[in-house]
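Okay, so here's the structure we're looking at.
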Amino acid sequence: DIEFMVQYSILRWACDYPELLRWSDNIRQLETLQKAGLMAPGVVTTLADAYRSYRAAVHRLALQEAKAVVPESDFRPLRREVASLWHDLMEAVQ
């Protein structure tokens, strides 16, 4: 969901903010969205922290040659925050 929100935001605003097209990674794209004033610092921090947490868990599992599956409870608070931000972003579209 985080990657989709970032990509959607880039596509949504790139015609007016070409600097959004400079980076291909989610963290720097989020930072650029913030610098352009399109996402609030708190939103960017939440999404970047959630993204890093999830990626770190997946990388640890990959190093152990395990499936990228974690208990739902491990990410419950972050999932709620990201879901709320998803709702806010998608509501703005309508």
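Because the structure is a prediction, the values reported are computed rather than measured.
Minimum heavy-atom separation, L30 to A48: CD1-N, 3.8 Å. Residue V82 comes nearest to A50 through the heavy atom pair CG2-CB, 3.8 Å, listed as atom of the first residue, atom of the second, then distance.
Side-chain atoms of R52 and I27, non-hydrogen and from C-beta on, do get closer than 4.5 Å to each other. Between L33 and I10, some side-chain heavy-atom pair lies under the 4.5 Å cut-off. Counting heavy atoms from C-beta outward, R22 and Q29 have side chains that stay 4.5 Å or more apart. For the pair L38 and R12, the minimum side-chain heavy-atom distance is 4.5 Å or more. Contact of the L89 side chain with the S9 side chain is registered, since non-hydrogen atoms from C-beta on lie closer than 4.5 Å. For the pair Q34/E31, no side-chain contact is recorded, criterion being any heavy-atom separation below 4.5 Å from C-beta on.
Hydrophobic clustering keeps F4 apart from L78 (ILVMFWY residues linked when any side-chain heavy atoms are closer than 4.5 Å, directly or through intermediates). Note on V44 and L21: same hydrophobic cluster, where clusters join Ile, Leu, Val, Met, Phe, Trp and Tyr whose side-chain heavy atoms are under 4.5 Å apart, directly or indirectly. Under a hydrophobic-cluster definition in which Ile, Leu, Val, Met, Phe, Trp and Tyr are linked whenever side-chain heavy atoms come within less than 4.5 Å, directly or via other members, W13 and L11 are assigned to different clusters. Residues V70 and I2 do not share a hydrophobic cluster, clusters being chains of Ile/Leu/Val/Met/Phe/Trp/Tyr side chains in contact below 4.5 Å.
Using bins of under 30°, 30° to 60° and over 60° for the plane-to-plane angle, the ring pair F75/Y54 lands in the perpendicular bin.
With hydrogens and angles disregarded, no donor-acceptor distance shorter than 3.5 Å links the side chain of S84 to the backbone of R80.
For the pair E72 and R76, the salt-bridge criterion is met [side-chain N within less than 4.0 Å of a carboxylate O].
When each of N26, T46, D1 is paired with Y51, the side chain to side chain donor-acceptor pair (under 3.5 Å) condition holds for N26 and for no other.
Here the CE atom belonging to M5 is positioned 4.5 Å from the CG atom belonging to L47, to the nearest 0.5 angstrom.
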